Amino acid sequence: MIEETIVEVFAAGGCRGSLSVREIDGPRRLSVAGGELAVAASTFKIAVGLEFFCRAAEGDVDPAERVAVSPAEASPGGQGLCITEDPVEISLRDTARLMLTISDNTAIDVLIRRVGIERVRARLAGLGLTGFHLPGTIRYELDSAARAAGFAGWEAMAARIRHAPSPREGEAVWRRVLASPGMRPGRISSVTADDLAALLRAVWRDEAGPAQACSDLRRMMGQQRLTRKIAAGFGPHVQVVSKSGTVPGGVSNDAGVVAFPDGRRYAIAVLTRPLTPGAPTREDVLGTAARVALDHLRAPGTPPSS
């Protein structure tokens with residue numbers, strides 16, 4: 001059974017996970033634990049990007065609007081607006097670009113405050129995608145997770161790690177956060193693989209919102225150059241557009257669209273977590289699982305739904 005094979009692929013990579021594939025221009029689909037709620041990590045930035053581009057297409061938001069972001073407003077993260085030392089002025093459109101291409105956590109928080117997380121939730125609900133759980137900004141989520149682990153907030157937890165007497169003790173602090181209730185699906189941003197793949201299918205079919213919004217989101221997602229996850233399972237003749245998500249030692253995810261030279265396209269979401277909490281997941285296992293799933297769906301004689 002294909003489901004058992006994919007479970008074995010995950011286990012060989014030191015993880016457990018869920019996977020969902022939806023053919024974009026046809027009925028074929030495959031789901032392996034796809035209805036299971038999982039920590040979304042940065043894959044939920046796709047939904048925020050969709051809301052931003054829909055609001056822009058509908059005339060509610062000017063994508064060229066300039067916003068000022070100071071270092072004091074930075075959210076935890078290791079790139080982009082998260083690490084600036086001076087105030088930055090940037091357009092909302094380029095803020096979205098940073099969110100989708102380098103997974104800038106400050107950028108997504110700027111956009112969430114601008115468009116409203118309740119509007120993101122409402123659009124997803126209108127598409128029938130009830131498998132998303134989105135509490136709020138990245139900063140809110142991470143502060144909540146740190147408090148659930150017994151710290152005053154994220155900065156207090158980060159300071160404890162920085163000043164730990166040894167790397168091992170710092171790692172123990174991080175494992176404490178990973179094991180806290182605040183990092184569990186349903187408490188932090190979460191999603192099912194089935195709904196994430198369905199959202200991507202709708203975006204690629206111009207059914208998730210105005211056609212211009214879907215086109216803008218596809219174009220910007222295509223500017224991410226990460227090739228260590230789903231893309232690692234395919235050769236250069238296959239086009240992969242995706243958005244990854246990672247919680248070090250806790251989650252390794254990727255979601256996107258795989259397009260083959262014969263024109264057939266598939267939306268796919270792969271969500272994984274390590275078998276041993278705190279242990280790293282081999283990122284290429286996501287690509288292997290994606291390739292095995294698509295080889296199965298594309299094989300002659302495979303039924304439309306598996």
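The model shown is predicted, which means the values in this text are computed figures rather than measured ones.
For P27, the side chain to side chain contact (heavy atoms under 4.5 Å, CB included) partners are E23, P304, not counting sequence neighbours.
R264 CZ to L294 CG: the interatomic distance, rounded to the nearest 0.5 Å, is 9.5 Å. Atoms CD and OG, from E89 and S70 in turn, are 13.0 Å apart once rounded to the nearest 0.5 Å. Atoms CG and CZ, on L142 and R147 in that order, are 10.5 Å from each other to the nearest 0.5 Å. Here CG of D216 is found 9.5 Å from CZ of R97. Values are rounded to the nearest 0.5 Å. Atom CG of L98 and atom CZ of R93 lie 13.0 Å apart (nearest 0.5 Å). One distance of note links CG of L297 with OG1 of T302; it measures 6.5 Å at 0.5 Å rounding.
Side chains of D254 and S244: no donor on one and acceptor on the other come within 3.5 Å. S75 and D109 share a donor-acceptor pair across their side chains, judged by distance under 3.5 Å alone. No hydrogens or angles considered: a donor-acceptor pair under 3.5 Å links the side chains of S103 and S42. Side-chain atoms of E141 and S144 include no donor-acceptor pair closer than 3.5 Å.
If you chain together hydrophobic residues whose side chains sit under 4.5 Å apart, I138 and V120 fall into the same group. L134 and L37 are assigned to two separate hydrophobic clusters, defined by single-linkage of ILVMFWY side chains at heavy-atom distances under 4.5 Å. Linking Ile, Leu, Val, Met, Phe, Trp and Tyr whenever their side-chain heavy atoms come within less than 4.5 Å puts V32 and V258 in one cluster. Neither Y140 nor V110 shares a network with the other; the hydrophobic side chains, linked directly or stepwise wherever heavy atoms of I, L, V, M, F, W or Y lie under 4.5 Å apart, form separate groups for each. Residues I24 and V240 fall into different hydrophobic clusters, defined by Ile, Leu, Val, Met, Phe, Trp and Tyr side chains chained together at heavy-atom separations under 4.5 Å.
Across all their heavy atoms, A293 and L30 have their closest contact at CB-CD2, 3.6 Å. Closest non-hydrogen pair, L100 versus M221, comes out as CD2-CG, 4.4 Å. Contact detail for T101 and Q224: the closest heavy-atom pair is O-CG, 3.7 Å. Heavy-atom minimum distance, G17 versus A33: O-CB, 4.1 Å. Nearest heavy atoms, G34 versus T192: O-CB, 3.3 Å. Here the closest heavy-atom approach between residue I188 and residue M183 is recorded as CD1-SD, 3.7 Å.
Side-chain contact between F44 and L196 is absent, with no heavy atoms from C-beta onward closer than 4.5 Å. Residues V285 and C15 have side chains in contact (heavy-atom distance under 4.5 Å, counting atoms from C-beta outward). Contact annotation: the side chain of E85 never approaches that of P71 to less than 4.5 Å [non-hydrogen atoms, C-beta and beyond]. Annotation: side chain of R291 is in contact with side chain of D295 (closest heavy-atom distance under 4.5 Å). Side-chain contact between I268 and V257: absent, with no pair of heavy atoms (C-beta onward) separated by less than 4.5 Å. At least one side-chain heavy atom of V177 sits less than 4.5 Å from a side-chain heavy atom of W174. Residues I90 and V67 are in side-chain contact: their nearest non-hydrogen atoms beyond the backbone lie under 4.5 Å apart. With a 4.5 Å cut-off on side-chain heavy atoms, T246 and V251 do not count as touching.
Taking a 6.0 Å sphere around CD of E73, one finds it holds more than 12 heavy atoms contributed by other residues, nucleotides or ligands. Heavy-atom contacts from other residues, nucleotides or ligands closer than 6.0 Å to CZ of F234 number more than 12. With a 6.0 Å radius and a threshold of 12 heavy atoms from other residues, nucleotides or ligands, E4 has its CD atom at or below the threshold.
Using modelled atom types, no side-chain atom of H296 and backbone atom of I2 make a donor-acceptor pair closer than 3.5 Å. Looking at T84, its side chain never comes within 3.5 Å of a backbone N or O of G80 through a donor-acceptor pair. For the pair R28 (side chain) and R22 (backbone), a donor-acceptor distance under 3.5 Å is absent. Side-chain atoms of S91 come within 3.5 Å of backbone atoms of D94 as a donor-acceptor pair (strictly under, hydrogens ignored). The closest donor-acceptor contact from the side chain of D143 to the backbone of W154 lies under 3.5 Å.
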Check your understanding: Where do T43 and N253 land on the side chain to side chain donor-acceptor pair (under 3.5 Å) test, with the steps shown first?
Key -> CA-CA 7 Å; T43 61; N253 297 340; 4.6 Å; no
Exercise for review: Apply side chain to side chain donor-acceptor pair (under 3.5 Å) to K229 and S252, showing your working.
Suggested key: CA-CA 9 Å; K229 295 190 176 184; S252 183; 3.2 Å; yes
Exercise for review: Report the C-alpha distance between L19 and V21 in whole Å, list the side-chain angles of each, state the deciding distance to 0.1 Å, and finish with yes or no for side-chain contact (heavy atoms from CB on, under 4.5 Å).
Suggested key: CA-CA 7 Å; L19 175 150; V21 183; 3.7 Å; yes
Exercise for review: Any chance you could lay out the side-chain contact (heavy atoms from CB on, under 4.5 Å) test for F10 and T272, step after step, and finish with the verdict?
Suggested key: CA-CA 8 Å; F10 286 144; T272 72; 3.7 Å; yes
Review point. Should M99 and L111 be marked as a side-chain contact (heavy atoms from CB on, under 4.5 Å) after you check the CA-CA gap, both sets of side-chain angles, and the distance that decides it?
Key: CA-CA 9 Å; M99 174 186 72; L111 291 177; 3.8 Å; yes
Practice item. Could you go through the salt bridge (charged side-chain N to carboxylate O under 4.0 Å, His left out) check for D104 and K45 one step at a time? Key: CA-CA 10 Å; D104 188 322; K45 291 171 180 173; over 6 Å; no
Check your understanding: Taking it one step at a time, do L50 and I46 satisfy side-chain contact (heavy atoms from CB on, under 4.5 Å)?
Key -> CA-CA 6 Å; L50 174 65; I46 299 169; 5.7 Å; no
Practice item. Would you sort out whether S166 and E169 count as a side chain to side chain donor-acceptor pair (under 3.5 Å), showing the intermediate values? Key: CA-CA 5 Å; S166 69; E169 290 176 86; 3.1 Å; yes
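A salt bridge links D25 and R265; the closest N-O separation between the charged side-chain nitrogens and carboxylate oxygens is under 4.0 Å. Look at R201 and D195 and you find no salt bridge, because none of the NZ, NE, NH1 or NH2 atoms lies under 4.0 Å from a carboxylate O. Between R123 and E58, at least one side-chain nitrogen of the basic residue sits less than 4.0 Å from a carboxylate oxygen of the acidic one, meeting the salt-bridge criterion. A salt bridge links E36 with R273; the closest basic N to acidic carboxylate O contact falls under 4.0 Å. Contact check on E65 versus R114 returns a salt bridge, with a Lys/Arg side-chain nitrogen under 4.0 Å from an Asp/Glu carboxylate oxygen.
A cation-pi arrangement is absent between R219 and F53, since the terminal nitrogen or guanidinium carbon is not both under 6.0 Å from the aromatic centre and inside a 45° cone about the axis. A cation-pi arrangement is found for R298 relative to F260, the charged atom lying closer than 6.0 Å to the ring centre and inside a 45° cone about the ring normal.
Looking at M157, R160, E171 one by one, the single match for side chain to side chain contact (heavy atoms under 4.5 Å, CB included) with R176 turns out to be R160.
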